[in-house]
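Below you'll find the structure, written out as structure tokens, and then a few comments.
In this text, all values refer to a predicted model and were calculated from it rather than measured experimentally. Lettering of chains follows the sequences in order, A, B, ..., and the numbering in each one begins at 1.
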Amino acid sequence: MSELFVRTLREDPADAEVPSHRWLVRAGYIRRAAPGIYTWLPLGYRVLRNVERIVREEMDAIGAQEVHFPALLPKEPYEASGRWTEYGESIFRLHDRKGADYLLGPTHEEMFTLLVKDMYSSYKDLPLSLYQIQTKYRDEARPRAGLLRGREFVMKDSYSFDIDDEGLAKSYAAHRDAYIKIFNRLGFEYVIVHAMSGAMGGSASEEFLAIAENGEDTFVRSPGGYAANVEAVRTPPPEPLPYDDAPAAHVEDTPDTPTIKTLVDLANARFPRTDRPWQPSDTLKNVVLMVSEVDGSRHPLVIGVPGDREVDMKRLAAQLEPAEAEPFSDEDFAAQADLVKGYIGPARFAGAAEPDAWLGEDSLTKIRYLVDPRVVVGTRWVTGANEPGRHIFDLTCGRDFTPDGIIQAAEIREGDSAPDGSGPLTLARGIEMGHIFQLGRKYAEALGLKVLDQNGKLVTVTMGSYGVGISRAVAAVVEGTCDEMGLCWPRELAPFDVHVVAAGKEEVVGRAAADLSVQLDEAGVSVLLDDRSVSPGVKFADSEILGMPTIVVVGRGLANGVVEVRDRRTGEQVEVTVEDALTEILAAVHDA
RNA sequence: CGGGGCGUAGCGUAGCGGCUAGCGCGUCUGCUUUGGGAGCAGAAGAUCGCAGGUUCGAGUCCUGUCGCCCCGACCA
């Protein structure tokens, strides 16, 4: 270790917030080179390669073949698929000396598709799975948390090519199984959730999330086994209610009630219900948004949700993609005088000139109106009358207003029922470690990947796409394993199997430590030997920060013919005689 | 791109218009020390993010700019 290129820091770096970032920097595993871009130092690089090794083994095991594309790519394939523009700002673009456009690959669907198109043309060549471990580039709006969201990151991406959907299902299942094996070996707790396929396109997709406080994704689980990213949760609409006996809608003066709370308070004071008090869930909250389409056009959108729920912007964004939504600004309100902030409702108030439906594409305003699935035919609401200080009561869906459709954008809350009826949902956070997609024919179609089938007819190939964040996995493992003393690697990922600390200045200590290290090395165990001439305290502290799973201390016990073997994770420590040390340590290493 | 915080030596920081920019860690030299981040003595290391401006005088005030961190909008 006296020669190892490493420097541990005694204090936390000021710019590191999350534990993985903090410890990887403090332990000298990585170093920041630029925003969201990190240099791998010797210890860190060994971990990264261990992750790669595991991924390779499991990908090879399902018959996927490794290839390697350039990271520097020409524009044309991405133009053909539409992603040159779709990816927008988050793609690194550059020019060669002739002015031709290039990009640093954010992902490689196009390149794989074209490669297969180039080489294969028959159904007999399929199925095929290819993968690569490649450095990817995305000019993230906000790189953060060290390796967890960088602008340069290492990813394993693989692609399956099949003649039909049945084949795709098989390839998808094979990858799914391989991923389960990979994530089991990486040694963190994870969950497989239903996901949105997002910009990738395609149908079914699932995410592998490492369960972690610092994760960016929120997911739900039910006791019955349902699991989904919140963005993918589909709230089922309740049965429609009969409304023949429902009272007619009526407008009431409700001064100074721009918020749900003030409205409910006033309703209880002035218009008390006989059966129970008014609740926020009796009101219909209408949120206005400005939607920007990919082509640059902008139009307002009103979303109706029960008053006790917020609109979840992430869920909304996932629904509208690739269009983007932002809250209605004051200028937007000024430009759209019909919309009365705080008193927006789907229907014109009774007695007005046009008492008909007020929102919706067939209505007077032509503003698209989408509602939460809970707003079904027959439900009765208290909602804005589109006049300052007035609300409509008993406004009945299907009778008094007709939404343009439903949207899954309301927040999901702890305790909500799972869509499949498998019980109440609990929420937790996770780090997206893997994402598998049944892409279908999007890219094959865009790029013309077709093969001849048994009947000599050209058919478009169907594809799957599967990613594992390799560099992210390093950080995710740290998030799940580090403690207040430092890193704490699972066996398969540790840069070295054993950390031998020579504690003591005596020559015999140094010699014994070195001898033991050589023996271990010859026995096939990788060893980090701390032979520095610093005080034992420094060595102990460093051994804990660096986090090798087994720490062997050769020091004062040597006088009695013993050395100490510590387990970094449990802190358990046993003394073994020098003669037994080798077998004991080998047992510890191979045991776990 | 919005909101907030912050840029002073490799790392962590003090300095709040006034002298030669201070301290701790780390680094180097020498001596002492060696089971929980040692002691003493000495040394190297900073155009105070950058560019303008105000002032007799700017790390300190103003403007701009670049960058970092956090929270939101976007994604492995």
Side-chain angles (χ1 to χ4, degrees), chain A residues 7-18 21-22 25-26 28 31-32 34-36 86-91 106-108 133-157 195-200 207-210 214-217 229 231 289 292 312-314 316-318 320-322 324-327 329 430-437 465-476 485-486 501-506 509-510 532-545 553-559 564:
Chain A
R7 183 112 303 152
T8 57
L9 301 177
R10 195 180 288 211
E11 278 159 305
D12 286 334
D15 60 354
E17 201 71 18
V18 300
H21 187 194
R22 205 162 60 222
V25 172
R26 263 189 75 173
R31 207 81 163 174
R32 195 186 77 99
E86 220 172 83
Y87 253 95
E89 296 269 76
S90 51
I91 213 165
T107 174
H108 284 74
I133 291 175
Q134 185 38 286
T135 305
K136 308 285 187 186
Y137 298 86
R138 292 186 197 169
D139 193 359
E140 292 283 343
R142 184 156 84 89
R144 59 174 290 276
L147 295 179
L148 284 177
R149 174 162 301 284
R151 298 197 295 170
E152 177 186 289
F153 57 95
V154 179
M155 179 168 137
K156 186 285 301 180
D157 50 324
M196 298 287 290
S197 41
M200 217 52 94
E207 285 174 341
F208 289 70
L209 299 179
N214 287 309
E216 295 180 282
D217 287 16
N229 193 306
E231 291 166 21
L289 301 150
S292 305
D312 180 328
M313 291 307 281
K314 280 200 166 185
L316 175 69
L320 296 179
E321 190 159 31
E324 290 178 8
E326 53 194 292
S329 67
I431 301 166
E432 184 178 357
M433 295 312 312
H435 202 155
I436 54 180
F437 300 88
S465 143
Y466 318 88
V468 173
I470 304 268
S471 48
R472 177 180 281 181
V474 175
M485 294 186 295
V501 173
K505 62 170 179 179
E506 300 83 9
V509 169
R532 298 174 299 174
S533 57
V534 294
S535 71
V538 173
K539 294 186 178 183
F540 293 143
D542 277 349
S543 74
E544 280 141 9
I545 291 176
V553 180
V554 180
R556 65 180 175 198
L558 209 55
E564 295 144 41

Distance in angstrom units between [X] [atom1] and [N] [atom2], rounded:
X         : N      : atom1 : atom2 : answer
Asp157(A) : A76(B) : CG    : P     : 11 Å
Ile470(A) : A76(B) : CD1   : C1'   : 10 Å
Tyr137(A) : A76(B) : OH    : P     : 18 Å
Leu147(A) : C69(B) : CG    : P     : 13 Å
Glu506(A) : G35(B) : CD    : P     : 8 Å
Asp139(A) : A76(B) : CG    : P     : 16 Å

inquiry  = Mind checking if Val154(A) touches a base, just sugar-phosphate, or nothing, with heavy atoms under 4.0 Å?
reply    =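 Nothing: the residue Val154(A), judged by heavy atoms under 4.0 Å, touches no strand.
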task = Identify, with sequence neighbours excluded, every residue that meets side-chain contact (heavy atoms from CB on, under 4.5 Å) alongside Ala473(A).
result =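 If we apply the side-chain contact (heavy atoms from CB on, under 4.5 Å) test to Ala473(A), skipping adjacent residues, the hits are Val51(A), Leu186(A), Met433(A).
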inquiry  = Going by the rule salt bridge (charged side-chain N to carboxylate O under 4.0 Å, His left out), which residues pair with Glu216(A) if we only count those two or more places apart in sequence or in a different chain?
reply    =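 Salt bridge (charged side-chain N to carboxylate O under 4.0 Å, His left out) check on Glu216(A) returns Arg144(A), Arg149(A).
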key: With Phe208(A) via ring pair (Phe, Tyr, Trp, His ring centres under 6.0 Å) - residues at least two apart   =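 Phe208(A): ring pair (Phe, Tyr, Trp, His ring centres under 6.0 Å) contacts with Tyr179(A), Phe183(A).
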Under 3.5 Å, which N/O atoms of the protein pair with N/O atoms of nucleotides 37-39 of chain B?
from: G37(B); atom 1: O2'; to: Arg10(A); atom 2: NH1; distance (Å): 2.2
from: G37(B); atom 1: O2'; to: Arg10(A); atom 2: NH2; distance (Å): 2.6
from: G37(B); atom 1: O6; to: Arg26(A); atom 2: NH2; distance (Å): 3.4
from: G37(B); atom 1: N2; to: Asp542(A); atom 2: OD1; distance (Å): 3.0
from: A38(B); atom 1: OP2; to: Ser535(A); atom 2: OG; distance (Å): 2.9

Quantified in whole Å, what is the [atom1] atom distance between nucleotide [N] and nucleotide [M]?
N      : M      : atom1 : answer
G39(B) : A46(B) : P     : 26 Å
C31(B) : A58(B) : P     : 47 Å
U8(B)  : C48(B) : C1'   : 4 Å

Spell out, as yes or no, whether a donor-acceptor pair under 3.5 Å connects the side chain of [X] to the backbone of [Y].
X         : Y         : result
Arg138(A) : Ile91(A)  : no
Lys539(A) : Ala502(A) : yes
Arg472(A) : Leu148(A) : yes

query = Taking the nucleotide of RNA chain B with the closest heavy atom to each, which residue, Val554(A) or Gly150(A), is nearer the 5' end?
reply =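 Nearest nucleotide further toward 5': that of Val554(A).
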key: Val18(A) vs Glu432(A), nearer the 5' end of RNA chain B by closest nucleotide   =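 Nearer the 5' end of the strand: Val18(A).
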remark   = Here RNA chain B, pairs taken as Watson-Crick or G-U under 3.5 Å and shown with ( ), [ ] when crossing and | when to another strand, reads ((((((((.[[[[.)..(...]]]].((((((.....)))))).....[[[[[..)....]]]]])))))))....
Ring-base stacking, Phe153(A) with A76(B) (5.5 Å, 30° cut-offs) =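 Yes, aromatic ring over the base.
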query = Between A76(B), G26(B), U34(B), which one does the side chain of Met155(A) approach most closely?
reply =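 For the Met155(A) side chain, the nearest candidate turns out to be A76(B).
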inquiry  = Within this structure, what is the CD-CG distance for the pair Glu207(A) and Asn229(A), rounded to the nearest 0.5 Å?
reply    =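 Rounded to the nearest 0.5 Å, the CD-CG separation comes to 4.5 Å.
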key: Closest non-hydrogen atom pair between Gly430(A) and Leu209(A), with its separation   =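 Shortest heavy-atom separation between Gly430(A) and Leu209(A) comes out as CA-CB, 4.3 Å.
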ask   = If you take all heavy atoms of Val509(A) and Gly504(A), which pair is closest and at what distance?
value =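 Distance-wise, the nearest heavy atoms are CG1-O, 4.0 Å.
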ask   = What about Glu11(A): does its side chain form a donor-acceptor pair under 3.5 Å with the base of G26(B)?
value =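 Such a pair does not exist between side chain and base.
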ask   = Taking only residues two or more places apart in sequence, or in another chain, which ones meet Arg151(A) in a side chain to side chain donor-acceptor pair (under 3.5 Å)?
value =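 Asp139(A).
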